[in-house]
Amino acid sequence: MTVAISTRSFGDVVADAHRAGRLVVQPRMGMSSPVAMRQGLLATRGAAATTVGTITLDSYTRIGASAEAAEAVALGMELNGYPLVAHDLATTASVLAGVLSEDFPVQIRHGSPCPEPIVAALIAAGLHATEGGPVSYCLPYSRLPLETATANWARSCDLLAGVRATGVEPHLESFGGCMLGQLCPPGLLVALSVLECLFFGQHGVRSVSLSYAQQTNAEQDREAVAALRRLAGELLPDADWHIVLYAYMGVYPRTVAGADGLLSQAARLAVRTGAARLIVKTPAEAYRIPSIAENVAALELAAAAADSELLASQPGLPADTGIYAEARALIDAVRNLDADLGRALIKAFRHGYLDVPYCLHPDNAGRSRSYLDRSGWLHWSRTGSMPIAETLRPVSRVELTAAGLLDALSFVERRFDEAGRTELPLPPGAPPDALEEPKETWRSTPMSQLSVVPTTESATPPGTRQHLASPTTAAVLTIQSRMLAAARTFLSQHGFTEVLLPIVGPVTDPGARGAKQVDIDYYGHRYKLMTSAILYKQASLTMFDKIYCIAPNVRLEPLDTTVTSRHLAEFHQIDVEMAGASRDQAMRLIEDLLGYLVGKVLAELPAEFERLGRDVAALGELTAGPFGRRSHSDAVTTLRELGHPQNPDAEIDWAGEAKLSGLESRPFFLTDYPKGSRGFYDREDPHRPGYLRNFDLIAAEGYGELCSGSEREHDYAAIIARMRETGENPAKYGWYLDMVRDGIPASAGFGIGVERLTRYVAGLDSVWQASAFPKVPGVVSP
Amino acid sequence: MAAEPTGLLQPRPTVLPPRPGPGGLSIVVTTVVSDSHTWNLVFLQLALEELGHQVRNLGPCVPAAEVIAQCLRSRPDLLVVSTVNGHGMRDGTQLIGLIRKCPELADLPVVIGGKLGIAGPAGLASSARLRSAGFDAVYEDGAGAAALRSLPVLVRAGRQL
């Protein structure tokens with residue numbers, strides 16, 4: 001059975017866009033859920049860019065273990081791609097219905113050395129474009145003998161070529177321009193791309209694309225793609241071909257600015273070299289499989305970079321350092337081995353005429369080595385039996401070390417992350433050296449001098465006028481203001497709606513530990529000032545799926561918190577709530593959000609950080625990827641080992657938090673608090689009764705808690721039960737329980753303490769320094 | 001060519017490399033069956049060799065049966081499983097189950113590390129599940145060089161048990 005969906009040939013769609021001067025951008029997107037996959041395709045189609053769709057398959061399907069994939073699907077496990085073979089045809093048809101159009105073909109991307117079932121499944125689903133190759137999907141990713149993979153690919157090409165009979169020209173892209181993603185010198189990448197496309201042609205596929213993955217030096221890449229075009233023109237005269245560029249396939253920058261910079265460079269390279277299509281990557285790649293929104297953002301960023309490059313003056317031809325000649329020598333040597341390209345490729349690897357550096361496959365000779373020079377130019381240090389010369393005589397007996405390998409692998413990451421941190425436009429204003437040195441004695445000390453247990457001298461603010469006149473306060477509040485602006489930008493870009501929530505109400509969050517609520521007379525009713533916006537946040541999700549607010553909270557903290565340096569009776573939170581989200585999603589959002597905020601202020605406010613004496617290198621850690629996770633019980637054990645008498649059934653007390661925080665150089669999440677320690681809205685773990693699906697984010701270096709969050713209880717009966725367990729009277733929560741009874745969405749969310757975050761980022765002794773009009777607990781204040 | 005996987009950094013001898021030096025371990029480095037990544041394996045081999053261990057690197061996408069066959073053949077001091085494709089929980093659990101069913105390998109020290117879930121660091125619950133499935137240690141992404149240096153301690157502790 002075939003699904004009757006017909007679209008134009010993938011090659012024609014790309015060629016038309018190319019002729020019209022538009023770069024086709026394409027994600028590397030694959031979700032295991034059919035619903036999510038469909039949403040991803042629709043989002044790709046709807047992006048503000050010229051796009052084609054991608055369905056990337058999961059790694060069980062890739063290795064031919066579709067039974068495993070089917071089992072995982074049946075168990076509801078999330079896979080790292082769409083299990084095309086495991087899903088039945090009707091499921092895939094429902095994913096594609098209304099997605100495919102004349103101008104929006106979908107390509108299946110996989111990585112399989114045994115792709116016949118995949119090709120059969122994609123043809124059955126009415127598709128006709130895929131990618132791979134006998135070498136490029138065997139050597140780097142499998143342990144299948146090259147001979148077997150070549151035979152598999154020959155049959156798969158024949159199968160795909162058969163689609164022509166239905167009236168549409170099938171398309172096959174060679175993945176040969178990638179080969180491990182890193183450290184393969186361009187001459188070999190170009191040669192493999194061309195050789196695989198010649199192989200496709202021998203098996204009847206007439207519409208092909210030749211790939212090249214962005215490497216470590218933009219000029220070398222420009223020369224390489226020029227060589228690829230020239231060779232395609234010479235050797236594929238009868239084929240319909242275009243060039244597809246892959247945004248960098250190696251270790252990706254960890255800052256958003258760095259990742260965006262790298263992707264923009266790839267888009268510019270595509271335009272400059274006449275590539276017709278670009279496969280993008282996202283800033284999330286460094287950590288995890290990106291979301292749909294992140295994919296769309298990357299597509300739009302690449303399209304915008306390509307558009308602006310089109311308007312820029314075109315550079316001249318790249319210098320010829322010999323990439324064309326090297327690729328041509330490799331191709332000719334292979335073709336001379338056998339008239340059948342499949343056999344020629346197998347012989348070439350056996351003889352070491354083709355030899356991919358650092359490739360572990362048994363059929364790869366493993367005698368070649370490469371290295372990066374200081375400008376990121378890739379060279380051969382050893383060419384083994386390949387018919388090419390080393391560009392530099394290898395230094396004998398020098399083995400690559402693990403550290404040297406990491407250095408080479410992270411070259412691009414480091415360079416773009418550093419550029420991302422320093423090359424953002426500086427805000428207008430006086431240069432750092434023009435600023436007056438602060439004279440205040442309470443000027444914050446550098447991080448290195450900060451002790452874990454804060455001193456009491458810093459616990460009391462000076463007079464209001466003196467505080468407001470202090471350049472330190474101005475620098476701190478400038479950082480805070482910029483972070484709040486960045487938070488709004490980040491959250492709105494991620495689809496959150498800012499909702500202005502009440503500051504007075506009949507009830508408020510009862511979960512604030514040990515703090516008293518403030519009563520006010522509201523037309524004769526006893527109302528509360530908000531200790532947090534949690535109840536309104538949950539209710540707002542009946543209106544929007546993702547909301548946030550930046551709002552003041554009032555908690556009359558006990559007097560013993562006066563000296564903690566991290567409590568204010570009045571403070572603000574960046575309060576975020578997401579319908580349908582998990583705790584993990586909330587924690588990942590925090591990582592991304594904080595990485596973004598801190599990256600922004602570090603780049604934009606160097607003068608302020610200098611004024612404050614903040615060790616920005618230490619702070620940069622905050623932007624370097626996911627934070628650690630440890631459970632509450634684990635933390636209790638650690639504290640008790642340190643001699644701290646932590647109650648295992650309560651929240652970590654502030655001194656304990658400071659101790660844990662002082663042990664770390666990076667923030668970390670504390671998860672799974674025992675039930676008695678938190679409010680009724682933190683969801684109880686269904687698999688671990690008595691523990692909550694919640695977390696705190698604890699800053700490093702003694703700064704303590706920055707943020708609390710959880711998955712929320714949203715079920716009426718569960719909430720009533722939890723209210724009773726926590727000693728709350730449900731009768732007080734009338735409006736809230738009315739909402740809950742009629743249904744509120746499951747959600748997860750968090751609140752980030754603005755002043756505490758500011759204290760941490762600015763490296764302040766005390767949290768009151770992060771407020772213009774601080775209310776230190778127990779201190780009479782303006 | 002034989003199915004015997006070869007190493008990567010020099011033309012691989014057909015016999016095993018020399019026994020490790022004093023304090024060094026004989027280590028098999030592998031990944032799980034669905035994981036096609038290799039840079040992590042290349043790095044681990046180099047790093048472990050620099051620490052004085054002898055490494056046999058099985059390369060990508062290794063079926064459990066192949067891991068077991070290699071361990072039975074070379075009887076290593078330690079098996080290191082490195083995986084970064086997000087299927088480590090599932091594949092790792094299956095692999096260790098099969099290893100522990102093999103009487104000769106019931107006491108083999110086996111550790112797993114990498115990106116074990118598709119959603120970033122999987123947390124302690126996942127680590128505990130892998131440990132209870134039979135791994136002697138579980139290292140999340142970012143565990144660092146200290147984790148590698150601690151491996152001999154782990155192996156010696158295992159011997160004393």
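Letters go in sequence order (proteins before strands), and every chain restarts at 1.
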### Message
Going by the rule ring-ring contact (aromatic ring centres under 6.0 Å, His included), which residues pair with A/Phe175 if we only count those two or more places apart in sequence or in a different chain?
### Response
A/Tyr137, A/Tyr246
### Task
Determine the minimum heavy-atom distance between A/Ser59 and B/Ser34, stating which atoms define it.
CB-O, 3.4 Å
#### Entry: Considering all heavy atoms, the nearest A/Tyr60-B/Asp91 contact
OH-OD1, 2.7 Å
#### Entry: Top of B/Pro63, B/Ser36, B/Cys61 for chain A proximity - count of heavy-atom pairs under 4.5 angstrom
B/Ser36
### Other residues, nucleotides, ligands: >12 heavy atoms within 6.0 Å of B/Asp107 CG
no
### Task
Go through the atoms of A/Arg62 and report whether side chain, backbone, both or neither lie under 4.5 Å from a heavy atom of chain B.
side chain
### Task
Would you indicate whether the side-chain heavy atoms of A/Glu71 and B/Arg90 approach each other to under 4.5 Å?
yes
### Query
Which region of B/Val62, side chain (C-beta onward) or backbone (N, CA, C, O), has a non-hydrogen atom less than 4.5 Å from a non-hydrogen atom of chain A, or is it both or neither?
both
### Query
At their closest point, which heavy atom of B/Gly59 faces which heavy atom of A/Leu360, and how far apart are they?
CA-CD1, 3.9 Å
#### Entry: Under 4.5 Å from a heavy atom of chain B, the part of A/Met587 involved
neither
## Note on the structure
Hits for salt bridge (charged side-chain N to carboxylate O under 4.0 Å, His left out) against A/Arg109, two or more places apart or cross-chain, chain-then-number order -> A/Glu131, A/Glu173
### Message
Need one label for A/Leu144: side chain, backbone, both or neither, based on atoms under 4.5 Å from any heavy atom in chain B.
### Response
neither
### Query
Is it the backbone or the side chain of A/Gln182 that comes under 4.5 Å from a heavy atom of chain B, or both, or neither?
both
### Summary
Honestly, the part of A/Gln585 sitting under 4.5 Å from a heavy atom of chain B is neither
### Message
Any non-hydrogen side-chain atom of A/Leu405 less than 4.5 Å from a side-chain atom of B/Trp39?
### Response
yes
## Note on the structure
Minimal heavy-atom distance between B/Pro60 and A/Arg143, with the atoms involved, is O-NH1, 3.0 Å
